[in-house]
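A short write-up of the structure that comes next.
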Amino acid sequence: MKKLILIDGNSIAYRAFFALPLLSNDKGIYTNAVYGFTTMLLKILEDDKPTHLLVAFDAGKSTFRHKTYSEYKGTRQKTPPELSEQLPFIRELLDSYGIKRYEAKEYEADDIIGTLAARAEQDGWQVKVISGDKDLLQLVTDKVEVYLTRKGITNMDHYDLKAIDEKYGISAEQIIDLKGLMGDSSDNIPGVPGIGEKTALKLLKEYGTVEKVLDSVDSISGKKMKERLIENREQAIISKKLATIFKEVPVDVKLEDLAFGDYDVQKVSSFFKDLDFTSLLNRLPDEEGNTQTEELSKIDVTIVDEIQDEHIVSPTAFVAEVLGEHYHHAPIEGFALSNENGTFFVPTEIAVQSERFVEWAKDETKKKWVFDAKRTVVALGWQDIVLEGVEFDLLIASYLLDPSVSSHQMSEIARRKGLSIVEEDEAVYGKGAKQRIPDEEQLSDHLGRKAAAVYSLKADIEKELEKNDQSSLFFELEMPLSIVLGRMETAGIKVDKQQLEQMGEDLSNRLKDLEKTIHEKAETEFNINSPKQLGEVLFEKMGLPPVKKTKTGYSTSADVLEKLAGKHEIIEHILLYRQLGKLYSTYIEGLLKVVEESTGRIHTRYNQALTQTGRLSSTDPNLQNIPIRLEEGRKIRKAFIPSEEKWSILAADYSQIELRVLAHISEDDGLMEAFKNDMDIHTKTAMDVFHVKESEVTSNMRRSSKAVNFGIVYGISDYGLSQSLDITRKEAAEFIERYLESYPKVKDYMHDVVEKAREDGYVSTLLQRRRYLPELTSRNFNLRSFAERTAMNTPIQGTAADIIKKAMIDMADRLETENLKSRMLLSVHDELIFEVPEDELDLMQKLVPEVMEAAIELNVPLKADVSVGETWYEAK
DNA sequence: CCCAGCACGC
DNA sequence: GACGTACGTGCTGGGC
C-alpha cells in the first residue's frame, strides 16, 4: 500500500516558530522554527514510515483568491523576519533528506495538497495531510486523513470522517459551508456577520449547504438572523468560494516522483551539526542503518573481584547504586567505575572490604564524576566510607542547564545528549511492589552503562555550562552545596518523641470531641475528612448557601467556610477540626513515622535538582512546612531539640531578602532608601503608595501594602491579590498600578525583564541560574501572562535562593576552619537552623548573621535576625 | 495506584 | 475577552 504524506510547510513552520522560544545557534542564526519542523518531521518518519512525501509551500503574496476578493488575508500580520529567515533552512533540511517540496505561483500550499491528495486517492493510495490549519479538514475522505497540530507541534489531533462528525456534527465537505457562514478572521474571510460557529453549525445541520440556507431564508426563525442572511448573501457565497481548496492545480510532478527512501545520512547529520541540533543526531540511523533509539549500543563491562589501580585512576566516573528514593540507611546494590581503562562493575562486599577502594574514596586528589553526588556521598557515609574529591555531578549539571526538564533520570539525560546507552531504572528494576534486583550480569551491565555515560558526557556538559556562563554557579555553588546538604541530612535533627506523643494524645481527644459535636450539630454521622460528604451535609442537608464549586462538587475550602462562619455554628467547629486534623495526621503521626529508631533523629532529604526557581525542596519529611503561623501548630516546634545535653537551637533568618534583591536588581531609589535605613518595609510601602506620613499609616494600609509586597515577591496576579485582600480584581489591579507608580524603577524592571526574556527565551538570577520561558510567545493569554509574571518573579526568588545557598557554603566553611562543634541542621528557604554547644553560643550568635549578611554584596544591605532557645519553638 | 481537594510553609 | 493563575510536600478519601 502506498502511503503519501502531504505537509503544509508554511503552516508547520509558523506553528513551530511560535511554539518554541527564539532559539539561535552559536552563529547567531535563529533556529526555533527549523528545530520544531525537524522534530515534527522526525516523528512522522519514525511513526508513520511513509512511502511518499511532499512538503507544499505558499508562493508569494498574490493568489488567485485575491482576484475574487482583494481583501483576502488582508488582516494577516507580516511574517516576522526571524521566521522568514529560517525558511531557507527548512528547504535545506528537506533537500538533504531528499524530500520533495513544491510551490506554485498564484496557488497556496492548501491547493497543492488538495490536488495531490485527490490524485493519490484516485490511485487508491492512503493519504495523510499535516497542517495547523483547520481549513484542510475539508479534504478528509475515507482515504484521506488530516492531522492538525495541537499544543506544541509534535502533538497532533487526528481527523477522519468520524472525528469530524463527532466534533462538528457535519461532513467534511460541509467545512467550506461552515467557513462561508462563520468566516475566518485569520484569513480575513468575512462570512456572515453575527453568525459564529454555533449558529453556523445549527443552520448547516438543518439545511446542508450555504446555498440551501440562503434559499430557505424565509423559513428561518429570528428576524435579525433573516436580515443578516439576506443582506450578506453575496458575501457568504464569496466566503465559501474563498475557503474552498482548489483541487486542479497544474502540479507538474508525478505521484511516483514523491517516493521517499534512502537518503544521505551524512548530509542530514552535518546539517544538524551546523545548526547545533546535537540532541537530534541520535535519531539518525547509524552505519548499519539501525535507528539508535531502538537499540542500546553495546558496552563492555568487566566484573572485578579485586580492586586494582587501573580501576580507580583519576578521574573516574563512579556509581554507587541505591534503589528507590530513600538513600539514608539504604543498602548499596553494587558499584560501577568507568575511566580511561574501561568500565568495571564491583560487587558491594568486594568494594567496601577493599582498603584500596576506601583509600581511593577518601582521597580528594582522586577526582570522581558521579550522578547525584549527595545520594552517593550519603549512601557511602552510612557504610562508614568517606567520599571526597567529587568534581562533577551530572544530575546537578543537567538541572542547571534546564531546570524544567521533567526527568533528570540518567537514561533521559544521556538520551537527550545523543547517547543511548542507559536503560530506564524502571525497566531494569521494576517498580512499586514488584521492584527487584536483577542477576549480576544484568546489574553489572546497567551500572556499567551509567558510569560510562557519566564519563563520556562530562566534557560536553561542562562545555555547555561554560557557554551559559554557569561554570561558577556549578563548581563554586551547587557542587559544594551538595556536599554540605549531604552532611546536614546525615546529621539529622533530634526529635522529642514523647513530646510529640503527648501532643498527639491531646489532639486526638479534642478531635474525638469535635467530631461528636459536629455530628450532633449536623444531625448525621459522616466523614468530616471527606470534602464530598461534608459538602453534601452542609449544602444539601443543612441548606447552607454554596459559595464556590469545584470540578467534582461543592468547595469546602477554608476561605469558603470562613464566608459561612456567621451562618451556622457548625462551621467554626469544622474549621478547628480541619486545623487539628492536619496537625495530627501530617505533623504528629507523620513525623513520628520518620524518626530514625537508632538515633532518635529525623533525616530529611533535600532535593537540589527540582524547583524551577532554584530553591531547595525537602521530603520525608518535609521540614520546610512545619507550622508557625498559628500558635496551636507552632507548638510542634517544641519537639525539635538539640541532639546533645545543654546544647541550644539557633535559628537565623534573612529579613525581607526577596524585596532587598528586588531593590538591588531594579535600583529603585525609594526601595533602596527603605533598606539602607532599615525601615519597616510594609509601612514604608504604605507611606509611598498612599502618600501619607509614617504616623498616618493605618493598620489597614499596612495590611494591604504587605499583601502587595507579598504579591511582588511571589509573582501573583491581580486576581491573586484580589483573593488575598478580598477586594475586586479591578481594585487589585489599580492597587498594583499605584505600587508601580510609587516605585518607577521597579516598574521599569518588570517591563524590561519580560522584554529581555522574550528575546533570550529565558531569565537569569544574579548567579546565572536560568529558567526558560517558552510560553512568553504563546498566543494563549493565560499561558503568556503566567510566563510574564514568572519572568518578573524568578530572578527575585532565584537570586534569594542563590544567596542563602552561598551563605550555607560559607557557614559550613567557617564551622570547619574554626573547628567549631556547632552543626548546621536545616535550611528553610530564608532561614538556617543550627544546634550549638553552650560554649559556642555567644560566638555563633555573632558569626551566623555576619556570614549570612556577607554572603553576597548587593547595593542594599542584607539583614539576618538570629535567636536561640532550648527547642526550635523557643528560638523565635 | 492515581487523582482531587485541602492545608501547611516560604 | 481570553477562565485560571507563586513554589513546593503530604494528608485523606474515593475511584480504578
Side-chain angles (χ1 to χ4, degrees), chain A residues 325 403-404 431-434 526-536 548-562 574-575 577-591 593-594 604-607 610-630 632-634 636-637 653-659 707 709-724 729 732 771 775 778-798 800-801 804 826-831:
Chain A
E325 301 284 304
S404 73
K431 71 167 180 176
K434 291 185 199 126
F526 65 102
N527 188 339
I528 309 169
N529 281 321
S530 160
K532 184 165 173 258
Q533 294 183 31
L534 179 61
E536 279 160 14
K548 199 163 67 176
K549 288 215 133 201
T550 67
K551 265 180 264 179
T552 50
Y554 307 105
S555 168
T556 64
S557 61
D559 60 322
V560 167
L561 294 184
E562 272 154 24
I574 293 170
L575 282 165
Y577 182 87
R578 278 254 178 93
Q579 191 200 330
L580 301 186
K582 171 83 181 175
L583 288 179
Y584 186 73
S585 66
T586 304
Y587 297 106
I588 303 289
E589 286 189 312
L591 288 176
K593 251 185 267 175
V594 291
T604 186
R605 291 192 322 279
Y606 292 101
N607 196 330
L610 185 137
T611 71
Q612 301 304 300
T613 54
R615 278 183 170 182
L616 300 168
S617 80
S618 152
T619 50
D620 296 306
N622 180 355
L623 291 182
Q624 294 184 323
N625 70 345
I626 303 299
I628 187 162
R629 279 170 209 198
L630 301 172
E632 199 82 54
R634 189 174 198 151
I636 298 284
R637 296 180 173 227
D653 67 309
Y654 278 116
S655 155
Q656 302 297 348
I657 187 165
E658 283 97 350
L659 291 173
N709 281 330
F710 179 85
I712 296 289
V713 166
Y714 291 118
I716 63 173
S717 57
D718 49 6
Y719 176 86
L721 182 66
S722 73
Q723 291 295 297
S724 69
R729 189 171 164 163
R771 181 175 189 178
E775 280 160 348
S778 170
R779 274 106 45 250
N780 178 319
F781 173 83
N782 292 321
L783 291 180
R784 193 174 62 243
S785 313
F786 182 42
E788 286 168 357
R789 294 202 305 276
T790 308
M792 302 176 196
N793 159 254
T794 297
I796 302 174
Q797 212 186 102
I804 192 152
L826 303 179
S827 164
V828 190
H829 303 313
D830 64 355
E831 181 183 12

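Just so we're on the same page: letters track the sequence lines, and every chain starts at 1.
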d(NZ, A:Lys549; C1', B:dA4) in whole Å: 15 Å
Using only heavy-atom distances, determine whether the side chains of A:Ser778 and A:Asn780 contain a donor-acceptor pair under 3.5 Å. no
Can you list everything that forms a side chain to side chain donor-acceptor pair (under 3.5 Å) with A:Tyr554? Sequence neighbours excluded, please. A:Glu540
Please name all residues satisfying salt bridge (Lys or Arg N to Asp or Glu O under 4.0 Å) with A:Glu831, sequence neighbours left out, ordered by chain then number. none
In whole Å, I'd like the distance from the CD atom of A:Glu536 to the P atom of B:dG5. 14 Å
Need one value for A:Tyr719: base, sugar-phosphate or nothing, where a base atom within 4.0 Å counts as base even if backbone is also close, heavy atoms only. base
So, using salt bridge (Lys or Arg N to Asp or Glu O under 4.0 Å) as the criterion, who are the partners of A:Asp830 when residues are at least two apart? none
Do A:Arg771 and A:Thr794 have side-chain atoms, one donor and one acceptor, less than 3.5 Å apart? yes
Given C:dT9, B:dG9, B:dC6, the nucleotide with the shortest approach to the side chain of A:Leu610: C:dT9
Students often get this wrong, so: under 4.0 angstrom with heavy atoms, is A:Glu658 touching a base, only sugar-phosphate, or nothing? nothing
Please pick, from B:dC6, C:dG4, C:dA6, the nucleotide with the shortest atom-to-atom distance to any side-chain atom of A:Asn782. C:dG4
Among B:dG9, B:dA4, C:dG4, the nucleotide that comes nearest once only the side chain of A:Thr552 is considered: B:dA4
Given Watson-Crick or G-U pairs with both distances under 3.5 Å, what dot-bracket string fits DNA chain C, with | for other-strand pairs and [ ] for crossing? ......|||||||||.
Distance, rounded to the nearest Å, where A:Gln797 contributes CD and B:dG9 contributes P: 17 Å
Round to a whole Å and report the spacing from CD1 of A:Ile636 to C1' of B:dA7. 14 Å
Does A:Arg779 make a side-chain N or O approach to OP1 or OP2 of C:dA2 shorter than 4.0 Å? no
With a 4.5 Å heavy-atom cut-off, do A:Leu561 and A:Ile574 have their side chains touching? yes
Between P on B:dC6 and CG on A:Leu583, what's the gap in Å once rounded to a whole number? 18 Å
In B/S/- notation, 5' to 3', how is nucleotides 11-16 of chain C contacted by protein heavy atoms closer than 4.0 Å? SSSSS-
If the condition is salt bridge (Lys or Arg N to Asp or Glu O under 4.0 Å), which residues does A:Glu632 pass it with, not counting sequence neighbours? A:Arg510
Would you say a side-chain N or O of A:Thr611 is under 4.0 Å from OP1 or OP2 of C:dG8? no
Integer angstrom distance from the C1' of B:dC8 to that of C:dA6: 15 Å
For DNA chain B, which residues of residues 618-626 of chain A approach it to below 4.0 angstrom with any heavy atom? A:Gln624, A:Asn625, A:Ile626
Flag side-chain contact, heavy atom, 4.5 Å: A:Ile804 against A:His829: no
Sorted by chain and residue number, the side chain to side chain donor-acceptor pair (under 3.5 Å) partners of A:Asn625 (sequence neighbours excluded) come out as A:Tyr587
Going by the salt bridge (charged side-chain N to carboxylate O under 4.0 Å, His left out) test, which pairs reach into residues 710-722 of chain A, not counting sequence neighbours? A:Asp718-A:Arg729
Between C:dT5 (P) and A:Asn793 (CG): distance, integer Å: 16 Å
Do the side chain of A:Arg615 and the base of B:dC10 come within less than 3.5 angstrom through a donor-acceptor pair of N or O atoms? yes
List in chain and number order the residues that pass side chain to side chain donor-acceptor pair (under 3.5 Å) with A:Ser530, two or more places apart in sequence or in another chain; answer none if no residue qualifies. none
Spell out yes or no: do the side chain of A:Arg729 and the base of C:dG4 have one donor N/O and one acceptor N/O closer than 3.5 Å? yes
When the P atoms of B:dA4 and C:dT5 are compared, how many Å lie between them, rounded to an integer? 12 Å
With a non-hydrogen cut-off below 4.0 angstrom, is A:Thr790 in contact with a base, only sugar-phosphate, or nothing? nothing
Could you check how far CD of A:Gln579 sits from P of B:dA7, rounded to whole Å? 11 Å
So what does A:Thr794 hit on the nucleic acid, given a heavy-atom distance under 4.0 Å: a base, only sugar-phosphate, or nothing? nothing
Holding to salt bridge (Lys or Arg N to Asp or Glu O under 4.0 Å), I want the full list of residues that pass it with A:Arg615, two or more places apart in sequence or in another chain. A:Glu658
Just to be sure I understand the rule, does A:Arg578 reach a base, reach only the sugar-phosphate, or reach nothing, if contact means heavy atoms closer than 4.0 Å? sugar-phosphate
Integer-rounded Å distance: C:dT5 C1' and A:Phe710 CZ: 14 Å
Please enumerate all residues that pass side chain to side chain donor-acceptor pair (under 3.5 Å) together with A:Thr604, with sequence neighbours excluded. A:Ser618
